[in-house]
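Sequence lines set the chain letters: A, B, ... in the order given, protein chains first and strands last, and positions in each chain run from 1.
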Amino acid sequence: MSRPVRVRFAPSPTGIPHIGNMRTALFNWLFARHSDGKFILRIEDTDQTRKVEGAIEKIYESLGWLGLEWDEGPDVGGDSGPYMQSERLDYYQSAAKRLVEQGDAYHCYCSSERLAEMRAEQSKRKEPPRYDRTCRELTAGQRAQKEAEGLASVVRYKIPFEGITSFDDEVYGYVEFQNALLDDYVILKSDGFPTYHLANVVDDHMMQISHVIRADEWLSSTPKHVLLYKALEYNSPKYAHMPMTFGKDKAKLSKRHGATALLDYKDMGYLPEAMINFLVLLGWSLDDKTEIFSRDDLIQHFSLDRISKTGAVFNAEKLNWFNGYYIRQLTTDELIERVMPLLDAQLPADVKRPIDTEYLKEIIPLIHERLKLLTEITEFVSFFFVDDIEHKADELIGKKMTQDSSIAVLEASLPKLESLAKFDTESLEQVLRPLAEELGLKTGQLFGTLRVATTGKTVAPPLFQTMEVLGQDKCLKRIGLALEKLKGMD
RNA sequence: GCCCCCAUCGUCUAGUGGCCUAGGACGACGGCCCUUCAAGCCGUAGACAGGGGUUCGAGUCCCCUUGGGGGCACCA
């Protein structure tokens, strides 16, 4: 009989959650949803010195952006609260007390200066840095004396001198460690706050966490936790360590790899659905061909046994492809909705607000499949909105064209376009295609020149459709401007 | 230095002893389409780190080497 699935995402509020954290959150969330279990948010704020103002809001925002809703947490409550570790100090302290009384832990009065010195010595001698266990053997009398002196103390776990601590990891399988090589690590700091090791064990037990799904970097501290579960007579949860995410240099992803905060990607114009699809494939796969997963697909198919053991490099190129793909899947209206705030913020002030949605509906189909990032939208559509465009002279003269031939092209086009009763794609094509032949030019030369003249860009959506949306007046006016520019060049 | 983990194309990965002359995706390159750019379609190059075993047979199992990563705080 296995217990109900309860997993947690337990970030510490020390900054903006980065990609790696959020991938861990994703995997936990998927496992919970797949298993019909609970996804719990717990804030591990046990380090008073590293607390960052506003970090918790960023955690909410990051989860929210990806749509990873949590069932229990500091803000939504739940039966296992409080969900902020700083509000659970009593639990940790009594656990530590119990361990001391049982003889599984002891007070240590060594100063951090002494410890630092000791470690320096050890590394000089090329020895593994470890606590020398000075305080482990203190007699009751010695302890009383230290207390009387008013010395602050930490509580250290008393690692057995012999034996092996092992566990079965859901991803890595059987892993074992020699107790003799483990350090008497601190479980309670001198300020009365627990370390991660104690806090996560106490909380995971009290919150009835069934599976601990966390990054690989925790693998080597897991025996400490296993020992703690045993000493406290708790049932150990199952462990699933997942491979880490690396930067291009294969080192643990960190700030120096550029944008690493999840929300940076939101700001850069990525879609959360693309991000999820990309992130889940970093360390998990369904089979040999499926690449695209909707949220429901993932919930349906996600499983721990398909998590790989190898670290994955965060490769933004593939993310870009996913993003383009998901943008293309949106309907015109959906894309407008997502892009509207960006346009509102980025389009020049003299463009009328609110931005004309009907007009956008004509424009979007032209640029939709060209968009890779939402933030590119302004660059793609501004020439539709702006009144006067700026022509670059050298762009006005295309490949295999000269100043004179460009002028000729525009002058020949003008009357044809002016005479058009209907300024739509078909009519435009009907007059412009023959015109190229008349002028003895390739269609590309004619259309290219007109493209730059009407849009101000060398790269734009198909000419006729663009001109139709732009409208006759704007096109004629812009061609006129282009002619002036070309003629005034000498 | 010690401990732990990992090892298939540049990257993400499929592969759980014969279905592998190793599959897919991104990227790269070439082509088609074509008024530019995209998108789409077609195609090409590209990997089992090395060495020993085990086996009739090893990318798949074992060992060693090498390489990479992670951990070794009163941080999580």
Side-chain angles (χ1 to χ4, degrees), chain A residues 10-14 44-47 49-50 108 110-112 115-116 119 122-131 152-156 169 171-172 175-178 181-183 185-197 199-200 214-223 241 243-244 246 248 250-252 278 281-292 308-322 324-325 328 367-372 380 398-399 429 432-433 436 442-452 455 457-464:
Chain A
S12 57
T14 52
E44 310 226 321
D45 56 343
T46 55
D47 188 341
T49 61
R50 295 205 311 157
C108 167
C110 297
S111 68
S112 16
L115 295 173
R119 278 189 212 102
Q122 287 166 333
S123 85
K124 214 193 285 174
R125 278 179 271 134
K126 305 218 169 202
E127 283 169 16
R130 285 212 293 169
Y131 177 55
S153 70
V154 301
V155 177
R156 288 181 184 274
D169 191 271
V171 174
Y172 288 96
V175 186
E176 65 173 34
F177 295 80
Q178 299 272 339
L181 267 11
L182 263 25
D183 199 8
Y185 61 101
V186 174
I187 57 176
L188 198 69
K189 306 181 226 180
S190 58
D191 62 0
F193 278 70
T195 61
Y196 171 83
H197 306 300
N200 103 85
R214 71 199 351 174
D216 207 351
E217 57 192 321
W218 293 106
L219 202 58
S220 36
S221 46
T222 305
H241 287 91
M244 311 226 310
F246 297 130
K248 287 203 198 324
K250 289 244 178 195
K252 191 173 168 179
F278 172 70
L281 256 16
L282 253 35
W284 180 87
S285 65
L286 176 64
D287 54 29
D288 59 341
K289 41 184 64 99
T290 319
E291 298 284 333
I292 301 295
S308 69
K309 298 185 179 75
T310 9
V313 173
F314 183 92
N315 174 215
E317 276 168 352
K318 190 154 188 177
L319 171 60
N320 289 338
W321 176 78
F322 273 119
Y325 175 85
R328 272 173 257 133
I367 57 97
H368 198 142
E369 70 185 20
R370 279 153 246 264
L371 213 55
K372 280 234 161 56
F380 276 106
K399 277 183 212 137
E429 180 145 20
L432 291 177
R433 226 171 253 289
K442 295 208 163 187
T443 48
Q445 293 175 295
L446 203 215
F447 300 163
T449 305
L450 282 171
R451 173 174 299 110
V452 176
T455 68
K457 300 160 93 66
T458 54
V459 173
L463 183 64
F464 308 136

Between U66(B) and G50(B), how far is it from one P atom to the other, in whole Å?
-> 16 Å
d(CZ, Phe314(A); C1', C26(B)) in whole Å = 13 Å
Relative to the 5' end of RNA chain B, which residue comes earlier, Pro194(A) or Val459(A), by the nucleotide with the nearest heavy atom?
-> Val459(A)
OG1 of Thr222(A) to CZ of Phe177(A): how many Å apart, nearest 0.5 Å?
-> 6.5 Å
Does the side chain of His241(A) come within less than 4.5 Å of Val171(A)'s, by heavy atoms?
-> no
So what does Glu291(A) touch, heavy atoms closer than 4.0 Å: a base, only the sugar-phosphate, or nothing?
-> base
Nearest-Å distance, CG (Leu282(A)) to C1' (A25(B))?
-> 13 Å
Using the C1' atom as the reference point in each nucleotide, state the distance between U44(B) and A49(B) in Å, no decimals.
-> 26 Å
Any-strand Watson-Crick or G-U partner of U60(B), both distances under 3.5 Å | none
Gln445(A): partners by side chain to side chain contact (heavy atoms under 4.5 Å, CB included), with sequence neighbours left out = Lys400(A), Met401(A), Leu441(A), Lys442(A)
Between Phe193(A) and Asp191(A), what is the shortest heavy-atom contact and its length?
-> N-OD1, 2.9 Å
Watson-Crick or G-U wobble partner of A25(B), both distances under 3.5 Å = U11(B)
If you look at every strand shown and take non-hydrogen atoms under 4.0 Å, does Arg119(A) touch a base, only sugar-phosphate, or nothing?
-> sugar-phosphate
Asp47(A) side chain reached by Ser12(A) side chain, heavy atoms, under 4.5 Å = no
Of all the choices, U36(B), G69(B), A76(B), which nucleotide is nearest to the side chain of Arg50(A) once you look at every atom?
-> A76(B)
Reckon Arg214(A) touches a base, only the sugar-phosphate, or nothing at all at heavy-atom distances under 4.0 Å?
-> nothing
Please state the P separation for the pair C12(B) and G27(B) - nearest whole angstrom.
-> 15 Å
Euclidean distance for P, A47(B) against C42(B) (whole angstrom) | 23 Å
Counting any heavy atom closer than 4.0 Å, what does Ser123(A) reach on the DNA or RNA strands: base, sugar-phosphate only, or nothing?
-> nothing
Determine the contact category for Pro243(A): base if any of its heavy atoms lies under 4.0 Å from a base atom, sugar-phosphate if only primed atoms, P, OP1 or OP2 are that close, otherwise nothing.
-> nothing
Nearest 0.5 Å please: distance from the NZ atom of Lys189(A) over to the OG1 atom of Thr195(A).
-> 7.0 Å
Can you find a side chain N or O atom of Lys372(A) that sits less than 4.0 Å from OP1 or OP2 on A39(B)?
-> yes
Tightest non-hydrogen contact, residues His368(A) and Arg328(A), listed as NE2-CA, 3.8 Å
Heavy-atom closest contact (Thr46(A) atom, Pro194(A) atom, distance) | CB-O, 3.5 Å
Pairwise distance CE(Met244(A)) to CD(Glu217(A)) - rounded to 0.5 angstrom | 5.0 Å
For the pair made of CZ in Phe278(A) and C1' in G27(B), what is the distance, rounded to whole Å?
-> 12 Å
Measure the shortest side-chain to side-chain distance between Cys108(A) and Tyr131(A) over non-hydrogen atoms and say whether it is less than 4.5 angstrom.
-> yes
Residue-phosphate contact under 4.0 Å: Arg433(A) side-chain N/O, U35(B) OP1/OP2 | yes
Indicate, with a heavy-atom threshold strictly under 4.0 Å, whether Gly283(A) touches base, sugar-phosphate, or nothing.
-> sugar-phosphate
Pairwise side-chain contact, Ser285(A) with Ser308(A), heavy-atom cut-off 4.5 Å (strictly under) | no
Whole-Å distance separating the CZ atom of Arg125(A) from the P atom of C2(B) | 15 Å
Any Arg130(A) side-chain N or O less than 4.0 Å from OP1/OP2 of G1(B) | no
C74(B), G1(B), C26(B): which one has an atom nearest the side-chain heavy atoms of Lys318(A)?
-> C26(B)
Remember a base hit wins even if backbone is also touched, and classify Pro13(A) as base, sugar-phosphate or nothing at under 4.0 Å, heavy atoms.
-> nothing
Find the distance between CZ (Phe464(A)) and CG (Leu432(A)) and round it off to the nearest 0.5 Å.
-> 5.5 Å
What is the nucleic acid contact for Phe246(A), judged by heavy atoms within less than 4.0 Å: base, sugar-phosphate only, or nothing?
-> sugar-phosphate
Pairing partner (Watson-Crick or G-U wobble, both distances under 3.5 angstrom) of C2(B) | G71(B)
Listing, residues 309-316 of chain A side-chain donor-acceptor contacts under 3.5 Å, not counting sequence neighbours, or none:
none

Please state how far atom NZ in Lys252(A) lies from atom P in A76(B), giving the value in whole angstrom units.
-> 13 Å
Rounding to a whole Å, what distance do you find between Leu319(A):CG and U11(B):C1'?
-> 13 Å
Taking the nucleotide of RNA chain B with the closest heavy atom to each, which residue, Val186(A) or Thr443(A), is nearer the 5' end?
-> Thr443(A)
Rounded to the nearest angstrom, tell me the gap between atom CD1 in Ile187(A) and atom P in A73(B).
-> 16 Å
Once you round to the nearest 0.5 Å, how far does CG of Leu319(A) lie from CG of Leu281(A)?
-> 11.5 Å
Detail all sub-3.5 Å separations between protein N/O atoms and N/O atoms belonging to nucleotides 40-47 of chain B.
from: G40(B); atom 1: OP1; to: Arg328(A); atom 2: NH1; distance (Å): 3.4

Between A45(B) and G30(B) - P atom distance, rounded Å = 15 Å
How far does the C1' atom of C61(B) sit from the matching atom of C3(B), given to the nearest Å?
-> 26 Å
Using the P atom in both, what is the distance from C48(B) to U8(B), to the nearest Å?
-> 11 Å
Contact string for nucleotides 4-10 of chain B, one letter per nucleotide 5' to 3', B = base within protein heavy-atom range under 4.0 Å, S = sugar-phosphate only, - = neither, reads SSSS---
Using the six-membered ring of Phe380(A), assess whether NZ or CZ of Arg370(A) lies under 6.0 Å from its centre and within 45 degrees of the ring axis.
-> no
Under 4.0 Å between any heavy atoms, over every strand shown, what does Ala460(A) touch: base, sugar-phosphate, or nothing? Just pick one.
-> base
Would you kindly give the CD-to-C1' distance between Glu127(A) and G1(B), to the nearest whole Å?
-> 9 Å
Verify the contact: side-chain N or O of Ser221(A) to OP1 or OP2 of G71(B), cut-off strictly under 4.0 Å; return yes or no.
-> no
Can you tell me how far P in U65(B) sits from the matching atom in G1(B), rounded to whole Å?
-> 15 Å
State which of A76(B), G69(B), C72(B) makes the closest approach to the side chain of Lys250(A).
-> G69(B)
Quick one: which protein N/O atoms are closer than 3.5 Å to N/O atoms of nucleotides 21-23 of chain B? Pair and distance per line, please.
from: G23(B); atom 1: N2; to: Asp288(A); atom 2: O; distance (Å): 3.1

Applying side chain to side chain contact (heavy atoms under 4.5 Å, CB included), name anything that partners Asn200(A), two or more places apart in sequence or on another chain.
-> Arg8(A), Arg42(A), Glu44(A), Tyr196(A), Asp204(A), Arg214(A), His225(A)
What is the nucleic acid contact for Ser190(A), judged by heavy atoms within less than 4.0 Å: base, sugar-phosphate only, or nothing?
-> base
Report yes or no: is there a donor-acceptor pair, N or O only, under 3.5 Å between the side chain of Arg370(A) and the base of C37(B)?
-> yes
